[in-house]
Amino acid sequence: MKTKLTAIIILYVTATAIFAQLPDLYSIAAFNVTAYDYPERANFVIKNSKTFTESDTLLELSSPPAFIKPGRVVMRKKYGADYRLYSGELDTTAFNAFPPIYVFKLPPWSRSGQAMWYRFYAKRTGNRNLDLETVFFDNERMYVQHHEKLFYSRNDEWDSIVGATAAPYGELLLDSEPPGADIYLYGKATGKRTPALFRDMIAGRYEAELFLPDYRFQRRSVSVPAHGSASSSFQLMSDFDTLYVLGEAQHGILVLPYPPIDSAYRVGDTATYAHREPRLTLLEGEYRIVWNGGGLYKDVDTVISVPAGRMIYFSTPFVRLVGSAVFELHPPDALLCIEGFPCQTGGVEAEMYSGFYTARISRFGYEPERRKFVISHGKKYLIRVTLDETADRDYDGFPDSLDRCPDDYGLYDGCPKPGFKYTARMKWEELTEYMETEPLSFAISGIGIISRSPTGRRFRTVLSEFSGGSSGGLNNYNGVTLGNAYQVSFRGFTAQAELGQWVSGVKFRRPDTLYYPNRNNTLYKIWYDSLYNVDPAIFFPSTALSVGFKYRLWNYSVGYSIGRQWEDIIIDDVEDVRDGELKRIVFDNDWWFHELMVEADLFIDTFVSPSLYAKFKLPFGPTLRTKWHSLHCGLQFRIRPSNWKSKV
């Protein structure tokens, strides 16, 4: 009796060892079960496919499951010292959005959810409570946002695993002899028939089922590798042989396929489900079969004849219904990823099968949002999504969702800063996404003010003596500009053109007379006399072209460009002492410059938006006369063609 009791205890301990507390300081002792559902909108990696309202929640688990089907994940969420598990489907649109998701292969020692009991860290640490808050698991992999390398401690030894941003997709080719069999994966209709190639499948083990009229149903387990392909061929056995039924009445057999949605068939006056009773034994005769497509598929209402002693396969196709949706996004250059469709920038109008969909909208500088919507047959839906700007309450240059501050560490208690390599990579990814999503825009200056200071000391002296009178008006020295600057921006690059305006120039209003020699020893006399209509002035006509880069965050933009200014210095109404004639002297004065630019758009969601700007020119390189330090600020108007909205 004692030996038997000992064996029972050993068997019990062995069966439950997977879910027992692990004897490791860096493991998790137990999972807390709260009976509270987790709001699906709080993350963008896992979703619940069973409900489709804004209050979608995830189902809580009491322990790690022994097997997770491909496409499903378990989220481990940390709440202080407690850990909870939630189950749902993997949202594949997250692989194309920001922040990036890294995919890790489970360590070789992990079996049946054992890895869920271990804590994972961004770096080695002596404080076991600094593990990651949220980790996602499936049967073969882990998914983590932000971190490319994870560390864990097992049996008092540290080890690490490295992830990749590539989605764990594979391909599956199913064939049969004879061809034309309907394909089901884990009991769900795929809408395809053999031979068929399935692309972008989450790697894992699938249960494939094939149905073909007058042939026997077959089921097989097929493994799809990540970043690879698998194939499987079925040899279907004919089930066309005559059935002999004893008794006075002969019967036939009607085989019902698994429908794409769990809706009952009505055969005659009897309702039945294919997954419960796929074969019906019926008396010889005609039967009306009705199936409700639930708004996703076309309803079936037909009559089938069941002969005596024969097996009949109900092979009426399931036809998917179609509708459409129009997306309007704010900001309009946000990245839109719709489940089952490639990601693209900006709003879109798409024709889609009726049903439930998930869309993820993201843009650098804004909080991403996931929106669920329904498409009905023959209807067009307008879906407007407005993203909220990202908060950075601790002002450390990193969004709170990335550095976990200040929620975990407090606003003033100090936050662990990412390392230089990680910071540089994160900023590079942000810049890359910006360059992929920044739309085309044009800017035309309105009214502005310009102020320039020459770098040449000799010319500055001449200009200060000359401008003893008035200056201002419409000119590009110290005055007003009007519609003289033009800019085009696209994907982070910018090109600008600036036209120098010189209607009024710098007037000479001194009561005395000035004499200036030039390099040819010609002496010029400058004097002002309104009676003789002698009105000397200096003009600076010019044209500047520059190219560079621009980066926009929310409504603000900063930019840098390098350019060249083709400029003339014109002194008008000066007297040549040799012959006493009034002449115009022209000097060539071209120069190179660096330009720093700051802009503030008042609106970013309109076709034409007013914008404030300030530009600083810093000259460099050789010049014939003088270079200039320049400050130019004012009001401009920005045109974004992508914001031109059409009526739905």
Side-chain angles (χ1 to χ4, degrees), residues 440-454 463 466-467 469-489 494-509 535-548 550 552 555-573 584 586-587 589-604 606-619 626-641 643:
L440 176 67
S441 67
F442 304 91
I444 303 174
S445 65
I447 187 170
I449 299 176
I450 191 170
S451 176
R452 301 206 301 173
S453 175
L463 193 59
F466 190 93
S467 59
S470 63
S471 64
L474 195 64
N475 68 73
N476 60 335
Y477 167 54
N478 283 320
V480 177
T481 61
L482 184 63
N484 72 318
Y486 310 91
Q487 181 191 104
V488 58
S489 301
T494 182
Q496 301 181 94
E498 180 183 317
L499 306 180
Q501 296 174 324
W502 51 295
V503 172
S504 57
V506 181
K507 301 293 186 180
F508 182 79
R509 290 294 185 269
D535 191 8
I538 298 181
F539 303 96
F540 306 98
S542 63
T543 299
L545 297 178
S546 63
V547 293
K550 189 173 74 169
R552 179 161 64 89
N555 289 37
Y556 306 97
S557 301
V558 294
Y560 164 79
S561 61
I562 185 172
R564 182 167 177 81
Q565 185 143 336
W566 291 269
E567 180 180 73
D568 290 335
I569 300 175
I570 301 176
I571 306 178
D572 198 19
D573 276 356
R584 169 178 286 190
V586 180
F587 301 101
N589 188 55
D590 302 340
W591 50 285
W592 292 90
F593 62 87
H594 303 281
E595 185 173 71
L596 304 178
M597 173 182 59
V598 180
E599 295 178 341
D601 294 336
L602 302 184
F603 307 99
I604 61 173
T606 58
F607 177 61
V608 179
S609 170
S611 173
L612 302 177
Y613 68 90
K615 301 177 182 180
F616 307 88
K617 284 184 180 178
L618 304 174
T626 185
K627 294 173 285 191
W628 299 85
H629 292 291
S630 173
L631 170 62
H632 189 191
C633 56
L635 175 69
Q636 65 182 4
F637 296 92
R638 185 168 300 282
I639 301 173
R640 292 187 174 89
N643 286 356

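- In this model, a donor atom of one side chain and an acceptor atom of the other lie less than 3.5 Å apart for Glu567 and Trp628.
- Every residue meeting the side chain to side chain contact (heavy atoms under 4.5 Å, CB included) condition with Leu635, not counting sequence neighbours, appears here in chain and number order: Pro610, Leu612, Phe637.
- Between the CZ atom of Phe607 and the CD1 atom of Ile639 there is a distance of 5.5 Å, given to the nearest 0.5 Å.
- Every residue was checked against the side-chain hydrogen bond (donor to acceptor under 3.5 Å, both in side chains) condition with Thr543, not counting sequence neighbours, and none meets it.
- When all heavy atoms of Val547 and Ala495 are compared, the pair lying nearest together is CG1-CB, 4.1 Å.
- The closest side-chain donor-acceptor pair between Gln487 and Gln636, if any, does not fall under 3.5 angstrom.
- Residue-environment remark: OH (Tyr556) stays at or below the threshold of 12 foreign heavy atoms within 6.0 Å.
- Side-chain contact between Lys550 and Val558: absent, with no pair of heavy atoms (C-beta onward) separated by less than 4.5 Å.
- Using a 3.5 Å distance cut-off with no hydrogens or angles, the side chains of Ser542 and Gln565 do pair a donor with an acceptor.
- Checked against side-chain hydrogen bond (donor to acceptor under 3.5 Å, both in side chains), Thr494 has the following partners two or more places apart in sequence or in another chain: Ser489.
- Tyr613 has its side chain out of reach of Ser557: every pair of non-hydrogen atoms, C-beta onward, lies at least 4.5 Å apart.
- Using a 4.5 Å cut-off on side-chain heavy atoms (C-beta onward), Ser561 and Met597 make no contact.
- Panel note: side chain Ser445, backbone Asn484; a donor-acceptor pair is recorded below 3.5 Å.
- For the atom pair Ile570 CD1 and Phe540 CZ, the distance stands at 10.0 Å (nearest 0.5 Å).
- Between the CD atom in Glu595 and the OH atom in Tyr560 there is a gap of 10.0 Å [rounded to 0.5 Å].
- With hydrogens and angles ignored, the 3.5 Å screen pairs no side-chain donor or acceptor of Asp573 with any backbone N or O of Ala537.
- For Leu545, the CG atom counts as densely surrounded, since its 6.0 Å shell holds more than 12 non-hydrogen atoms of other residues, nucleotides or ligands.
- Partners of Ser441 under the side-chain hydrogen bond (donor to acceptor under 3.5 Å, both in side chains) rule, at least two apart in sequence or in another chain, are Arg638.
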For Phe539 and Asp568: C-alpha separation, side-chain torsions, deciding distance, then whether side chain to side chain contact (heavy atoms under 4.5 Å, CB included) applies. CA-CA 8 Å; Phe539 303 96; Asp568 290 335; over 6 Å; no
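- Between Thr626 and Trp591, the closest heavy-atom pair is O-CD1, 4.3 Å.
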Chi angles and distances behind the side chain to side chain contact (heavy atoms under 4.5 Å, CB included) call for Leu440, Arg640: CA-CA 6 Å; Leu440 176 67; Arg640 292 187 174 89; over 6 Å; no
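- In this structure, the separation between OG1 on Thr481 and CD1 on Ile450 is 6.5 Å, given to the nearest 0.5 Å.
- Separating the CZ atom in Phe593 from the NZ atom in Lys627 is a distance of 13.5 Å, to the nearest 0.5 Å.
- With values rounded to the nearest 0.5 angstrom, Lys615 atom NZ is found 7.0 Å from Glu599 atom CD.
- For Asp572, the salt bridge (Lys or Arg N to Asp or Glu O under 4.0 Å) criterion is met by Arg584, not counting sequence neighbours.
- Take Glu498 and apply the side-chain hydrogen bond (donor to acceptor under 3.5 Å, both in side chains) test, not counting sequence neighbours, and it matches Lys617.
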